[in-house]
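Here the structure comes first, spelled out in structure tokens, and everything after it is commentary.
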Number of protein chains: 2
Amino acid sequence: MSEKVRKFSRKREAIRTVLANTKSHPTAEWIFSTLKPEIPDLSLATVYRNLSEMKENGEVQSVAFWGGKERFDGNVEKHSHFVCDKCGRIDDFDFIMHDKELDGVAQSHFGGKIDFHTLVFHGTCCECVNE
Amino acid sequence: MSEKVRKFSRKREAIRTVLANTKSHPTAEWIFSTLKPEIPDLSLATVYRNLSEMKENGEVQSVAFWGGKERFDGNVEKHSHFVCDKCGRIDDFDFIMHDKELDGVAQSHFGGKIDFHTLVFHGTCCECVNE
DNA sequence: TATAATAATGATAACAATTATTATTATTGT
DNA sequence: ACAATAATAATAATTGTTATCATTATTATA
């Protein structure tokens, strides 16, 4: 299997530029509508396609998103989680920590109001690691 | 407008029971297929409907999920974020913190392998707070 | 216990975000 | 210029979720 050789594309460059010039953590749709006036023949699919390639390449990351499915928890206490990126399982991850403190610390650095936080560790679970 | 009076429902109870007896942070679909053999006339819509009510009631929470749209970041460095739950904006949130340490601490409590974490604060941003 | 008010439901249509398909166009090495 | 193939537009398909609506179940009260 030969490596896929990457070719230049003006549209990919434009997407890169938008990402480099915004701090708004945009959606694919937002990037699309930002570029559309300037590049009228741009397709939304191109934006999605490029973003997902760029993510694989490590040029882009996405913010606390791991695949669009909502996962529920009968335990209403705020607590941290661990996601196994191999098998997809999600476990509670409650080694005792500054979990309560954290919001206080954050609040002291911030003009708005902090309500809570989510903390999710990613990696390989015990079972997947032995394989 | 009078308060909506909640009535008993066997199916809602069943969903509660499943949630109480699992630590797997299930999806709506998983809850549905778990209950389906036992309650053959259960509908997937009922599961979704009840879960979202229970979430409003604070009986259930969902794990690090805030609405299904992927948000991209051209900055590939791992860093924390703040989400305004009023206006939806997402900002970087990088007051200096044990961000690097954190994975190390987590690793020391864990048999698997920690790769990284996501830390997302929720609340009301400066602008929305003044209204 | 019958009844009336209305909450809960199943089935399914609608929807929104994303991914796959395919014929065409653009880039690049020769 | 040409051949190989990467990138694309347009759009169909897929997936997860929510809305609709006619029917059924629960509950308060007569």
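Chain letters run A, B, ... following the sequence lines, proteins first, then strands; residues in each count from 1. Keep in mind it's a predicted model, so treat the numbers as computed, not measured.
- Closest contact between the side chain of B/S43 and the listed nucleotides D/dT17, C/dA11, D/dT8 involves C/dA11.
- Atoms CG (A/N50) and P (C/dT19) sit 13 Å apart, rounded to a whole Å.
- Residue whose closest nucleotide on DNA chain C sits further toward the 5' end, between B/A45 and B/R10: B/R10.
- Spacing between atom CZ of B/R49 and atom P of C/dA11 amounts to 12 Å, rounded to whole angstrom units.
- Distance CZ (A/F8) to P (C/dG29): 13 Å, rounded to an integer number of Å.
- In the set C/dA8, D/dA9, D/dA7, the nucleotide with an atom closest to the side chain of B/R12 is C/dA8.
- Ion pairing between A/E70 and B/K55 holds under the 4.0 Å rule for side-chain N and carboxylate O.
- Counting to the nearest Å, the C1' atom of D/dT8 and the NZ atom of A/K4 are 12 Å from each other.
- One can place CD of B/E29 at 14 Å from P of D/dT18, the figure rounded to the nearest angstrom.
- Scanning atom types as modelled, one donor and one acceptor separated by under 3.5 angstrom connect the side chain of A/K7 and the base of D/dT5.
- Using a 4.0 Å cut-off between charged side-chain N and carboxylate O, A/K11 and A/D41 make a salt bridge.
- Taking atom CG of A/L42 as the reference point, atom C1' of D/dA10 lies 12 Å away to the nearest angstrom.
- With salt bridges taken as basic N to acidic carboxylate O contacts below 4.0 Å, none links A/K86 and A/E127.
- When each of B/S9 and A/T46 is assigned the nucleotide of DNA chain D with its nearest heavy atom, A/T46 is the one assigned upstream, toward the 5' end.
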Next item on the list: Please test B/D91 against A/H25 for side chain to side chain donor-acceptor pair (under 3.5 Å), starting from the C-alpha separation and ending with a verdict.
Entry: CA-CA 8 Å; B/D91 293 312; A/H25 308 84; 5.7 Å; no
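- Mapping B/F72 and B/R6 onto DNA chain C via the closest heavy atom, the residue that lands nearer the 5' end is B/R6.
- Across the protein-nucleic acid pair, A/F65 atom CZ and D/dG16 atom C1' stand 11 Å apart, rounded to whole Å.
- A sub-4.0 Å separation between OP1 or OP2 of D/dT17 and a side-chain N or O of B/Y48 is present.
- Remark: B/R12 CZ to B/L51 CG distance equals 11.5 Å, nearest 0.5 Å.
- Look at CG on B/D41: it is 16 Å from P on C/dA8, rounded to the nearest Å.
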